[in-house]
Amino acid sequence: MPITNALTTTIERVSILDEHGNFDEKLGKGLIPDADLLKLYETMVTCRMMDEVAFKLQRSGRMGTYPQNMGQEANSLGAAYALNNDDWLVTCYRENCGLMWRGVPIDSILLHWMGDERGNAMPRPHHATPIAVPIGTQMLHATGLAWAAKYRGEKRISCTFFGDGATSEGDFHEACNFAANLDIPVIFFCQNNFWAISVPGRIQCSAPTVAQRGIAYGMPCLQVDGNDLFAVVYGMRKAIEHARTTGKPYFIEGVTYRLGDHTTADDARRYRDQAEVDAWKARDPITRLRTYMTKKGIWSDAKDAALREAAEASCMATIERCEQVEPPVRGDVFNYTFADLPADLVTQRETGHTHSLGQDPSQLPSASNAR
Amino acid sequence: MPITNALTTTIERVSILDEHGNFDEKLGKGLIPDADLLKLYETMVTCRMMDEVAFKLQRSGRMGTYPQNMGQEANSLGAAYALNNDDWLVTCYRENCGLMWRGVPIDSILLHWMGDERGNAMPRPHHATPIAVPIGTQMLHATGLAWAAKYRGEKRISCTFFGDGATSEGDFHEACNFAANLDIPVIFFCQNNFWAISVPGRIQCSAPTVAQRGIAYGMPCLQVDGNDLFAVVYGMRKAIEHARTTGKPYFIEGVTYRLGDHTTADDARRYRDQAEVDAWKARDPITRLRTYMTKKGIWSDAKDAALREAAEASCMATIERCEQVEPPVRGDVFNYTFADLPADLVTQRETGHTHSLGQDPSQLPSASNAR
Amino acid sequence: MANLTLVQAINLALIQEMEKDDRVILLGEDVGNNGGVFRVTEGLQKRFGANRVVDTPLAESGIIGTSIGLAMAGLRPVPEIQFEGFLGPAYDQLCSHAARMRTRTRGAFTVPMTVRVPVGGGIHAPELHSDSPEAFYTHQPGLKVVMPSGPYDAKGLLISALRDPDPVIFFEPKRIYRAIREEVPEDEYTIPIGKARVVCEGTDLTVVSWGASVIQCMQAIEACGRSVELIDLRTIYPMDMETVEASVSKTGRCVIVHEAPRTCGVGSEVATQIMEKCFLHLEAPVQRVTGFDTIMPYYKLELEYLPDAARIQRGIEDCLAY
Amino acid sequence: MANLTLVQAINLALIQEMEKDDRVILLGEDVGNNGGVFRVTEGLQKRFGANRVVDTPLAESGIIGTSIGLAMAGLRPVPEIQFEGFLGPAYDQLCSHAARMRTRTRGAFTVPMTVRVPVGGGIHAPELHSDSPEAFYTHQPGLKVVMPSGPYDAKGLLISALRDPDPVIFFEPKRIYRAIREEVPEDEYTIPIGKARVVCEGTDLTVVSWGASVIQCMQAIEACGRSVELIDLRTIYPMDMETVEASVSKTGRCVIVHEAPRTCGVGSEVATQIMEKCFLHLEAPVQRVTGFDTIMPYYKLELEYLPDAARIQRGIEDCLAY
Ligand SMILES: Cc1ncc(C[n+]2csc(CCOP(=O)(O)OP(=O)(O)O)c2C)c(N)n1
Ligand SMILES: Cc1ncc(C[n+]2csc(CCOP(=O)(O)OP(=O)(O)O)c2C)c(N)n1
Ligand SMILES: [Mg+2]
Ligand SMILES: [Mg+2]
């Protein structure tokens, strides 16, 4: 037989609670207990509120460049919910909701965007890594973290998040390839929001799905409606089961949309149509859940109003806490460069100068402020 | 429908003349006219002979590290045969046979491995790029070259070669992704020889095929028996047709094997079984073609002996030519750094020194040798 | 003649060269429809078409690697890397290929490309958006490195870069993208790569700097009230040591100012060459006022890191007092 | 105590540390079954298992990036990059992440890893197999850079590197992998990172070098017949300027020798710091005998490029004659 089949493969798409309120009982029933659902919804609303508050703060000069998560909350939240709390959560910057669920103080995230490294000092028990700024680089760390767990015989896995744009970077490829070929249990979760700043998704991946990127590595791949918390949880459970039992990676594409600008430094009206945004607003993961819970009788407009009020108050309190954090001291420019500072760096820190004639430590410009 | 199909895709494998001498008339008939076949065979034999001669030369200290092509000749040869002579051929270092077909002087290739940059001064009309040493990097150049052709409205495409190991590099991914999403006609040809020095293929790609790497980009992909010149030509014709008519890329995996060591600096016995090598010797692309041509009555043992003798003589003549090339001059360390040398580099060249007190150009150590 | 910002001057240079030479094409992340995140390429895609101003996938090695191919084929690609911190993934293609192509092929292939890169700190940006990596590319043979300090120079230098037969890294100090305006002739003019500019003459001490720091140097010089000569290198490689040597031979003292970390920064090269060339004229050791040998801090502390007028002034005064 | 090559000394150090500390794991291309292309990791996979000595995919960014993750989780990965020319693809992970992790997380995450890299020319290898990129990693804050010049130092320095809480780039001069043997104690010993070694004492001039060049320096010193002090830096960052300063303050003259290109090479940093610290002692400008500011040529010309004993001798003599 001169032409034979070398491979046939398929990718499935999961949707449970769709934008019209249809709910698939077969897949969805019992997936998320009502009590959890309420807490998950609460987290989403708080996260959304934080976006709004942070945006306003940035506009009034009290916050640096800030990337809103608006519209994408269900992806990281569903993942954090399905994972164990000691699985590694290796995120980019649109996973605030998942981090909040994990218990990472939102203060950390805000401090980071306020230009303060202390925001990245993620408390160890959360098993969450610092916010990743260079696109596409953090997935390799996720692979390394899960590899370390495997080496030590721990059951811990990694779940790493990244955008559609990030899948264009070479590091994305290398992370998937290491995990697939060295048998490392990593869940690669792409939040496909169809834009990388102003560049449309087809420039990053003109294939019918982003999920099929996983086929290159022989990974099982799945596409889920990323604005459907149920679908995300369903997909994550499959992925987690696979990763834990086989020790191998899994690829999930969450189809979603960022409803806001890329960051506060961006103006998305320059490059995309309002009609597109409106269409996606109708698929908002929060609205969808609210309608579902209301129909189910476990939620009401009054409860929602109360929740929003509480969320706003809590966000404002967080902001105020962050703004009251003592400013970092000049010495911190130096203190974390190495565990032990070389003498030269000590001198630079003590003098505040780099020129040699200025490096007489007895002439400290502000000795008190140095540490 | 909660679970829907998002993608179904298949990959085919082509084999026309198999290792047992079976020839598929349906696909193979008329694919390569007999007259061409004889020339192609001649090129393969010469290429193989060059490997043997270069190997011996290296052992006697007359040649630097040299990577033999043994066993893989059909891939690049079939490609070069199917391509137009002004399509870009962007190779790694196991494509001597294709370069020979293209007319690139074998002297160039040898000079390169003899540690002489003049070997890389590929004559422009051949549309072949210099030998690529850093693995996985040249495919991006292929994409850029084809992009330039597209920009200028030329019909020229690129065909780039790389190993299974190279598909692990991030640059491989970026090259495929640029071509796929920016609509650039590049044929990505992976010579899967199952080894990257001592590392087995499954560490580079544990998926059932390397070809499926192309699915990630929505490219058509094909696996061919890379030791079957007919299958390679068949696959290349499909790929060329696709690239020229759609302006888009195509992915081919040629399944093959390197019969020799990785390079003359390697000893493959350290990491692979002789049994494996022997099994692949039985699939040698040259033997296969010879048997076929003999059966067909267009070849004979006597002709073969004569050819080998002529090939050996021609290889020895080439070697001698290369060894008689004037040694490069010291000035050549400098002369090609920029189109116009900065004054500082001129001084370094004229004096042969980098220390400032040695930089009085009137004290030329060897003024005559500087240019 | 118009009063332009640096952003506008670069935009103008690009327009003029693209109109003259259809081998010039722009590519990068967000350079097309969006006109670049700093709006440097604003309006260019509309004007020249999506074939000549191309939004690429988010992959810096891909941007530089395909640009190398484009250049090998005879075009003159102008890739943009969105921030200097994202040059990292492109480092290999720049240093292993772009820089080496002419040498390793004995001129059979060349890479006439201009890599545009916003550079430096002071704009309250997130991490990796405020670094100054010019020394890396200066140490790599085969690359030219340019960094203008104002709109006029930017236009003239960029046109030279676009016409250069070899790869040029063109660093654009983002801190002054819009902070200053200068008269920039509409007419075409070039400023040669490899020529420094004496910003102001002086007799007591020479300050050597480049990029946005030149502004801080001017403030410091003003503040210290002495006769200080200021040299803006403009091109970092090839370095115009002739101008520096002439100045330091006259003044006998020199302070070098840059944002990058001190160790193995470009300042050490300038200082060493001054020692080599002006040894007998030197009345004090050459001083370096630079970023610290630490990671560029997040923005709450960035002004502690960047050499400001006060630190420069102190350097000048300590050097004068020696 | 055995008479070992550099390769053997490193192999021994790895064995001893791996036996003591199961957080140490090796990874890279061909390091396992094949024992590395230079056989530095020979026998280690057999001894410690394929879990601790891991053949990875052919991807340098992947090797360093996953090592960062391994280190963040508390292991002590020892990635090998097969040749220094292939550090390029890993540059971003090294400089954007490994170097910054402690700073950017205020110590919450750290990267205790040792990147082993064969370095330098002189072995008739193909292109990108003969470069000396130490200056790039010296300029990047947050990394330590080590380069031994012989088997004894190699073992002691490597053990220090493996125990260091921060990322160390450990360059192994491949030219002397097997060219020299030294007595190397079987017992565990460390050589501190950041301490230079005075190879031989002298009064007329100081030579500062590191790596394989130290051998050429010794030949040149012998040939010139003067009292020359030779300092082997051993660690390039943090740099032991105390030792250098003490020496040059005594001799008043200095020649720095390295294989890398001169411009912005480590030599310029050493020279500048000498000027800063020994200004009044200097009797001649510090001299640099280095690779040229060109691409490292293919091997037919590599000996024209590398500073050999004759060029070093000439540098010493010109400096002495000044
Ligand atoms: C390596 C690198 N290149 C460029 C940038 C600038 N940049 C920041 S976000 C972004 C787009 C990211 O798109 P995507 O991965 O889809 O994530 P999204 O913002 O859509 O969530 C770009 C280009 C960067 N941060 N890092
Ligand atoms: C970037 C880079 N890393 C490592 C090497 C060293 N090296 C040379 S060839 C090779 C294996 C290549 O394997 P593959 O791509 O399968 O090609 P093959 O040799 O099998 O034809 C390696 C690791 C290199 N040349 N470049
Ligand atoms: Mg996106
Ligand atoms: Mg291979």
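Nothing here was measured: the structure is a model prediction, and the numbers come from that model.
Using a 4.5 Å cut-off between heavy atoms, A/Ser168 contacts chain C through both its backbone and its side chain. Of the atoms belonging to A/Leu341, not a single heavy atom falls under 4.5 Å from chain C. Neither the backbone nor the side chain of A/Pro327 comes within contact range of chain C; no heavy atoms are under 4.5 Å apart. Only the side chain of A/Asp344 comes within less than 4.5 Å of a heavy atom of chain C; its backbone N, CA, C and O stay farther away. Heavy atoms closer than 4.5 Å to chain C are found in both the backbone and the side chain of A/Ile197. When heavy atoms are compared at a cutoff of 4.5 Å, C/Val37 approaches chain A solely by way of its side chain, counted from C-beta outward. At a 4.5 Å heavy-atom cutoff, the contact between C/Glu60 and chain A is made by backbone and side-chain atoms alike. Residue contact with chain A, scored on non-hydrogen atoms closer than 4.5 Å, is absent for C/Ser61. Residue A/Ile135 touches chain C through its side chain alone, counting heavy-atom pairs closer than 4.5 Å.
Inter-residue side-chain proximity for A/Ile203 and C/Thr56 is flagged as unmet; no heavy-atom pair is nearer than 4.5 Å. In this structure, A/Thr354 and C/Arg311 have side chains that are in contact, with non-hydrogen atoms separated by less than 4.5 Å. Within the 4.5 Å cutoff, the side chain of C/Pro297 has heavy atoms near those of the A/Glu117 side chain. For the pair A/Glu169 and C/Leu58, the minimum side-chain heavy-atom distance is below 4.5 Å.
Contact check on C/Glu304 versus A/Arg349 returns no salt bridge, with no Lys/Arg side-chain nitrogen under 4.0 Å from an Asp/Glu carboxylate oxygen.
Here the options are A/Asn120, A/Asp116, A/Asp332, the test is side chain to side chain donor-acceptor pair (under 3.5 Å), and the partner is C/Tyr298; only A/Asn120 passes.
Heavy-atom pairs under 4.5 Å with chain C peak, among A/Val133, A/Thr167, A/Asp266, at A/Val133. No other option in A/Gly165, A/Gly163, A/Ala265, A/Ser198 has as many heavy-atom pairs under 4.5 Å with chain C as A/Ser198. Counting heavy-atom pairs closer than 4.5 Å to chain C, the top residue among A/Phe172, A/Trp113, A/Phe338 is A/Trp113.
Rounded to the nearest 0.5 angstrom, A/Leu345 CG and C/Thr294 OG1 are separated by 7.0 Å. Note that CZ of A/Arg330 is 14.0 Å distant from OH of C/Tyr305, once rounded to the nearest 0.5 Å. For the atom pair CG of C/Asp30 and CH2 of A/Trp195, the computed distance is 10.0 Å after rounding to the nearest 0.5 Å. For the atom pair CG (C/Asp55) and OH (A/Tyr271), the distance works out to 11.5 Å, reported to the nearest 0.5 Å.
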side-chain contact (heavy atoms from CB on, under 4.5 Å) evaluation trace for C/Asp318 with A/His355: CA-CA 9 Å; C/Asp318 285 348; A/His355 67 286; 2.7 Å; yes
Full working for side-chain contact (heavy atoms from CB on, under 4.5 Å) between C/Arg314 and A/Leu357: CA-CA 10 Å; C/Arg314 175 78 186 276; A/Leu357 298 170; over 6 Å; no
